[in-house]
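Reviewing the structure listed below.
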Amino acid sequence: MPDRGDELFEVRVKKREQLIARGVNPYPARFKRTHTNQAALHLFEAFELEKGKTESLRSEPVRVAGRITAMRGMGKASFNKLMDGTASIQAYLRKDILGAQYDLLPDLDLGDFLGVSGPMFRTRTGEVTVEAKEIVILSKALRPPPEKWHGLKDVEQRFRQRELDLMASEEIRNRFRMRSTILHSIRNFMDNRGFIEVETPILVPIPAGAMAQPFVTKHNALDRTLFLRIATELYLKRCVIGGLDKVYEIGRVFRNEGIDFKHNPEFTTMESYEAYADYHDVMEMVEEMVSTAAQEATGGLRVKFGDETLDFTPPWPRLNLRQAILDRTGIDITPFLETLDVAKREGKDVAEAETLAATGLAAKMREAHIDPGIRASIGLLVDKIVSDKVEPTLIQPTFLVDYPKEMSPLAKQREDDPRLVERFEGFAAGMEIANSFTELNDPVEQRARFQEQEELHKLYGNEDFDRLDEAFLLAMEHGMPPTGGLGVGIDRIAMLFAGERSIREVVLFPQLRT
RNA sequence: GGCCCGAUAGCUCAAUGGCAGAGCAGCUGACUCUUAAUCAGCGGGUUCCAGGUUCAAAUCCUGGUCGGGUCACCA
């Protein structure tokens with residue numbers, strides 16, 4: 001593209017041509033290394049221990065390579081920094097050693113890849129350095145790297161051209177290495193507990209299993225509307241029904257909603273389902289899993305997050321939802337759940353019962369200066385209170401337990417109080433990181449709950465209610481064991497461990513407004 | 001979608017209505033142990049776009065594009 005960068009671009013294109021004209025291939029297919037940069041550095045340090053440090057000490061020759069990140073030329077000698085995926089190593093290039101090869105130097109630029117071979121030594125200033133006997137250009141870069149000292153600051157460019165962000169910052173590279181460690185750690189943890197990893201459809205006929213707006217797409221040959229999944233939940237339960245007692249899936253889910261610092265339209269979840277477990281069992285599993293991941297990804301159980309230090313050491317406090325709301329707002333949600341329950345038992349239809357209870361709670365919320373928003377069902381209202389008044393106060397890892405049934409159409413009621421379900425959510429740094437329940441496995445009750453969601457959907461004209469999935473109900477009618485289910489937000493975990501408040505900092509290529 | 005803020009050299013940033021600048025990167029030259037190498041010199045701009053106010057606009061006004069923050073919506 002013709003922009004003002006063209007001048008620098010043209011200079012590099014010319015150098016590329018000059019190399020070719022001199023019979024040098026600027027893009028050779030291979031360069032056999034003997035060591036990564038890090039391995040070479042370690043090798044020399046070990047060698048020094050063995051032989052003793054002297055200025056003239058030279059190791060056996062090594063062949064190393066990397067991107068040129070610094071060039072300090074001094075006429076007939078030059079110090080260049082080469083960065084590979086493991087470390088940076090300095091190369092010392094001398095005209096009297098390299099001879100004609102030294103004339104390649106004017107055609108090299110920051111950003112090019114270079115291979116060097118030669119013995120290692122330690123410079124007077126103490127840096128382990130390869131004394132090049134041979135240099136090979138491995139790849140000519142045609143555009144300059146970001147500014148070497150300040151790096152890349154422009155937020156938009158950092159996200160749109162993440163490769164430049166990575167190139168310029170070891171911290172960013174390490175952040176995504178850490179994200180990989182989290183994924184490995186969690187996989188390992190689940191595998192070790194006897195779970196099997198499965199893959200379920202991303203293109204689905206009904207976007208069910210959560211309350212969210214889906215992306216819509218179309219299969220041409222079938223001439224059929226399909227959706228991108230908003231959760232993996234229902235398919236995973238069907239695996240459990242089929243006899244795969246312990247399954248998990250790590251995968252991307254897609255929600256067609258607002259984009260902000262906490263939400264990317266595609267994000268990664270780990271969902272697991274375990275037959276014969278309940279939400280207490282899952283709670284213990286989550287503590288253990290997240291603290292193990294913290295240990296492996298950050299090297300400890302305590303992680304700095306802004307001004308706070310999050311301590312993931314189990315056990316995490318359990319906080320009763322009703323009590324937590326009462327403590328923070330003075331609102332007791334129980335009477336409203338009671339109103340709803342009584343109204344339903346008296347045979348009022350869902351709309352009538354909902355309106356009765358929701359109106360009361362919304363009024364109470366206004367008294368407490370909480371905006372109830374519009375078109376809100378009792379479930380959404382309670383969710384709103386939690387989001388506004390409870391969630392932000394949960395800095396240290398905490399479980400919020402026992403949710404109203406209306407918020408959780410897939411969770412099993414408590415035996416001692418059918419207005420509540422056996423559900424918990426895990427929070428840290430004021431963010432939700434996990435959601436779990438003892439799964440509802442009564443197909444008749446499940447159908448009723450779905451139907452209620454459908455009615456709420458009509459009543460509030462809102463897309464964000466769970467949908468009735470016949471294939472799932474049919475599966476459940478074949479018998480589903482008591483099961484403990486879990487969903488964990490991998491991006492949120494990565495944010496916590498990275499100490500970052502923005503999800504964009506832990507997603508390599510986040511969605512931007514375009 | 002509403003509100004607030006921002007966009008200046010390839011990159012990082014100055015210039016508060018009066019000649020658009022610095023550092024890095026680039027180019028030329030010097031330099032065989034440098035560490036953001038140093039030294040001397042040179043080039044580099046549709047100041048996001050379109051319009052307006054003004055003798056004069058990077059700067060003020062209007063609209064737009066893109067981004068950030070925030071609210072709404074939403075895990």
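Model, not experiment: these values are computed from the prediction. Below, read A as the first sequence line, B as the second, and so on, with proteins coming before strands; counting in each chain starts at 1.
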Of B:rU70, B:rU34, B:rG23, the nucleotide closest to the side chain of A:E147 is B:rG23
Looking only at atom P, what distance separates B:rU8 and B:rC60, rounded to whole Å? 15 Å
- Could you verify whether a donor N or O on one side chain and an acceptor N or O on the other, from A:E354 and A:S377, lie under 3.5 Å apart? no
- Describe the nucleic acid contact of A:S387 in one word from base, sugar-phosphate, nothing, applying a heavy-atom distance below 4.0 Å. base
Report task. Using a heavy-atom cut-off of under 4.0 Å over every strand shown, decide if A:E127 touches base, sugar-phosphate, or nothing. Result -> base
Discussion item. Tell me whether A:E439 is salt-bridged to A:K412, with the criterion being a basic N under 4.0 Å from an acidic carboxylate O.
Written reply: no
(Q) Are more than 12 heavy atoms, taken from residues, nucleotides or ligands other than A:K51, located less than 6.0 Å from that residue's NZ atom? (A) no
Taken to the nearest whole Å, CG/A:L166 to C1'/B:rC11 is 17 Å
Exercise for review: Dump the intermediate steps for salt bridge (charged side-chain N to carboxylate O under 4.0 Å, His left out) on A:D109 and A:K140, then the final yes or no.
Suggested key: CA-CA 8 Å; A:D109 286 295; A:K140 179 77 199 152; 2.7 Å; yes
In whole angstroms, the gap separating P of B:rC24 from CG of A:L152 amounts to 19 Å
Worksheet item: Can you tell me if the side-chain N/O atoms of A:K384 get under 4.0 Å from OP1 or OP2 in B:rA72?
Response: yes
Separation of B:rG10 atom P from A:D154 atom CG, nearest Å, is 13 Å
| Is there a donor and acceptor pair closer than 3.5 Å between the side chain of A:H263 and the base of B:rC74? | yes
Notebook entry, point to check: Given the C1' atoms of B:rU38 and B:rU16, what is the spacing between them in whole Å?
Noted result: 37 Å
A:R72 side chain N/O closer than 4.0 Å to the phosphate oxygens (OP1, OP2) of B:rA37? yes
Q: May I ask you to say what A:F121 touches in the nucleic acid, namely base, sugar-phosphate or nothing, with a heavy-atom cut-off under 4.0 Å?
A: base
Those residues at least two apart in sequence (or on a different chain) that pass side-chain contact (heavy atoms from CB on, under 4.5 Å) with A:V155 are A:F159
- Query: When all nucleic acid strands are considered with a 4.0 Å heavy-atom cut-off, which category describes A:R12: base, sugar-phosphate, or nothing?
  - Reply: nothing
Nearest-angstrom distance, C1' atom, B:rA9 to B:rC4:
29 Å
Whichever of A:D96 and A:L108 has the more 5' nearest nucleotide on RNA chain B, that residue is A:L108
Rounded to whole Å, the CD1-P distance (A:I230 to B:rC74) equals 13 Å
Of B:rG10, B:rC27, B:rU12, the nucleotide closest to the side chain of A:K15 is B:rC27
Have a look at A:I433 and say if it touches a base, only the backbone sugar-phosphate, or nothing, with a 4.0 Å heavy-atom cut-off. nothing
The Watson-Crick or G-U wobble partner of B:rU38, with both key distances under 3.5 Å, is B:rA30
Rounded to whole angstrom, note down the C1' distance from B:rA20 over to B:rC3. 33 Å
Under 4.0 angstrom, heavy atoms only, what part of the nucleic acid is A:F267 near: base, sugar-phosphate, or nothing? sugar-phosphate
All heavy atoms of A:A87 vs all of A:L41, minimum pair found to be CB-CD1, 4.1 Å
task = May I ask you to say whether A:K95 pairs ionically with A:D103, meaning some side-chain N is under 4.0 Å from a carboxylate O?
result = yes
Result for 5'-nearest mapping on RNA chain B, choosing between A:P146 and A:T123, is A:P146
Re B:rU62: Watson-Crick or G-U wobble partner, both distances kept under 3.5 Å, found to be B:rA50
- Message: With a cut-off of less than 4.0 Å, is there a side-chain N or O of A:K153 near OP1 or OP2 of B:rC24?
- Response: no
When both distances are under 3.5 Å in a Watson-Crick or G-U wobble arrangement, the nucleotide paired with B:rC19 is none
Report task. Could you give the distance separating B:rG10 and B:rC27 at their P atoms, to the nearest angstrom? Result -> 16 Å
A:N435 CG to B:rC74 P, in whole Å, measures 16 Å
### Task
Could you check whether A:G73 gets within reach of a base, just the sugar-phosphate, or nothing at all, counting any heavy atom under 4.0 Å?
base
Give every pair of a protein N or O atom and an N or O atom of nucleotides 39-43 of chain B that lie under 3.5 Å apart, one pair per line with the distance.
none

| query | Hey, does the side chain of A:K262 come within less than 4.0 Å of B:rC73's phosphate (OP1/OP2), counting only N and O? | reply | no
So ring pair (Phe, Tyr, Trp, His ring centres under 6.0 Å) across residues 60-88 of chain A, not counting sequence neighbours, yields A:F79-A:Y92
In Watson-Crick or G-U wobble terms, with both distances under 3.5 Å, the base opposite B:rC24 is B:rG10
The Watson-Crick or G-U wobble partner of B:rA72, with both key distances under 3.5 Å, is none
Here the distance between atom C1' of B:rC71 and atom CZ of A:F261, to the nearest Å, is 12 Å
Note to self: Quiz question: going by heavy-atom distance under 3.5 Å, is there a donor-acceptor pair between the base of B:rU34 and the side chain of A:Q90?
What the structure shows: yes
| said: Please report whether the ring centroid of A:Y279 lies less than 6.0 Å from that of A:F437. | reply: no
Exercise. Considering only atom P, compute the distance from B:rC42 to B:rC24 and round it to an integer number of Å.
Key: 15 Å
Quick one: does A:E287's side chain have a donor or acceptor within less than 3.5 Å of a partner on A:W316's backbone? yes
